[in-house]
Amino acid sequence: SRTSTLPQLFALDSLLDADEIAIRDSVRDFAASKLRPHIADWFEEARLPARDIARELGGLGALGMHLEGYGCPGMSAMSYGLTCLELEAVDSGIRSLVSVQGSLAMFSIHHWGSEEQKNEWLPRMAAGEAIGCFGLTEPDFGSNPSGMRTHAKRDGDDWVLNGTKMWITNGSIADVAVVWAQTDLADSPGGIRGFVVPTDTPGFSAPEITKKMSLRASVTSELVFDDVRLPASAMLPKAEGLRGPLTALGEARFGIIFGAMGAARDCLEAAIEYAQSRQVFDKPLAGYQTTQTKIADMALEVGKGHLLAYHLGRLKDRGELTPEQVSTGKLNSTREAIAIARECRTILGANGITLEYPVIRHANNLESVLTYEGTSEVHQLTIGRALTGSEAFR
Ligand code: FAD
């Protein structure tokens with residue numbers, strides 16, 4: 001595990017209580033012993049032993065971490081954020097597994113599901129015995145999911161699902177998919193409803209998306225629904241319209257606010273360590289003013305990003321966090337993290353382009369993190385709307 005003086009610059013631990021520090025440290029230790037030694041290989045080989053990792057994360061209480069009941073750990077949002085931060089300090093792909101499982105799939109079932117759906121899926125998902133995915137994005141509809149074409153039609157009491165989802169994390173390894181589809185239900189704005197789809201249902205397939213240069217240690221898939229017949233009980237009864245998926249996305253974005261700062265911290269620590277040992281023109285690279293100004297500027301952004309994340313974490317635990325604040329955090333953390341990763345890469349010179357160091361891996365991963373869960377532009381528009389009262393999406 002890396003030890004650095006970086007968090008001390010902002011006295012970050014003084015903002016956490018003993019329980020939060022203990023949870024953070026246990027995740028950090030787990031990540032250092034079980035994930036970090038393998039992550040470069042998993043990234044290079046584009047594979048992730050997701051089932052084994054999910055069980056271990058379940059044992060740590062990291063899945064559905066701040067959900068209550070149904071076998072979920074019921075911890076604070078702050079603890080969940082710190083967990084995301086430590087996992088993403090290893091790799092955004094691992095944090096993505098946790099975000100999608102806990103904040104998207106489990107949260108949707110927990111928040112919008114029936115008792116039967118909750119009892120069937122949540123205890124196994126919290127334990128990491130069952131893996132979930134969340135299908136909202138389609139090939140032609142990403143930032144604007146209201147245009148989605150996937151639809152569920154009534155046939156007697158059943159629903160018959162047809163369509164295609166794209167870029168779905170955990171898709172090919174999931175036991176259950178939470179899928180958003182158009183219906184002709186008049187009670188729902190836009191008719192969009194959520195469905196809990198066991199992935200062994202006939203007509204469901206999830207081909208994996210390959211040749212990714214980002215989030216390689218994460219499974220990303222297409223979901224194809226070819227006359228997937230579901231019982232009436234498969235619909236999430238309490239989610240009407242886009243409010244359903246957008247509420248879940250807010251939860252996952254919250255984790256990214258912390259997570260991306262973990263990736264940034266890891267890059268900066270790696271760059272400082274490298275600069276201390278690398279000799280250029282007869283002295284350590286760390287001893288040059290240009291290196292130190294880069295390091296100092298990046299440390300400010302890492303520190304400020306942590307402070308914002310912690311502040312938003314406290315707001316969330318008090319039930320006061322607004323969607324605009326989530327957009328502010330997500331935009332700041334991802335944009336600063338990717339800028340830091342790229343700047344750190346310059347400090348590592350040619351070595352920075354290899355998987356011997358974490359920096360290019362984080363930089364490539366952060367390209368996805370910048371895009372998913374609302375692109376930076378979409379969050380700018382959300383903040384702009386809040387500040388000006390003018391809607392600029394269309
Ligand atoms: P587009 O919406 O086509 O956007 C393209 C560009 O246009 C962007 O720069 C965008 O900011 C800009 N743009 C769009 N609208 C506007 C506007 N109104 N004004 C100005 N600019 C605009 N989705 C899921 O449902 N589940 C998942 O598990 C999931 N996992 C993912 C994993 C990975 C690795 C990736 C890369 C994506 C994943 N996604 C997932 C999809 C992700 O949420 C979408 O990629 C994202 O919403 C953006 O959609 P898009 O790619 O279609 O881009």
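In listed order, ligands and their atoms are each counted from 1. Residue numbers count from 1 along this sequence. Basis for what follows: all heavy atoms, side chains included, without hydrogens, waters or symmetry-related copies.
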Asks: Under a 4.0 Å heavy-atom cut-off, which residues neighbour ligand 1?
Replies: Phe134, Leu136, Thr137, Gly142, Ser143, Trp167, Ile168, Thr169, Leu215, Ser368, Thr371, Tyr372, Glu373, Thr375, Glu377, Leu381, Phe393
Asks: Can you tell me how far OH of Tyr274 sits from SG of Cys267, rounded to the nearest 0.5 angstrom?
Replies: 15.0 Å
Asks: Assert yes or no for the condition that the ring centre distance of Phe195 to Trp159 is strictly below 6.0 Å.
Replies: yes
Asks: Could you please spell out the steps behind the side-chain hydrogen bond (donor to acceptor under 3.5 Å, both in side chains) verdict for Lys294 and Thr346?
Replies: CA-CA 10 Å; Lys294 284 181 187 179; Thr346 68; 3.0 Å; yes
Asks: Hey, what's the ring geometry for His66 with Phe254, parallel, tilted or perpendicular (30° and 60° as the breaks)?
Replies: tilted
Asks: Is it the case that Lys283 places NZ or CZ above or below the six-membered ring of Tyr288, under 6.0 angstrom from the centre and within 45 degrees of the axis?
Replies: yes
Asks: Are Arg51 and Asp175 close enough for a salt bridge, meaning some N to O gap below 4.0 Å?
Replies: yes
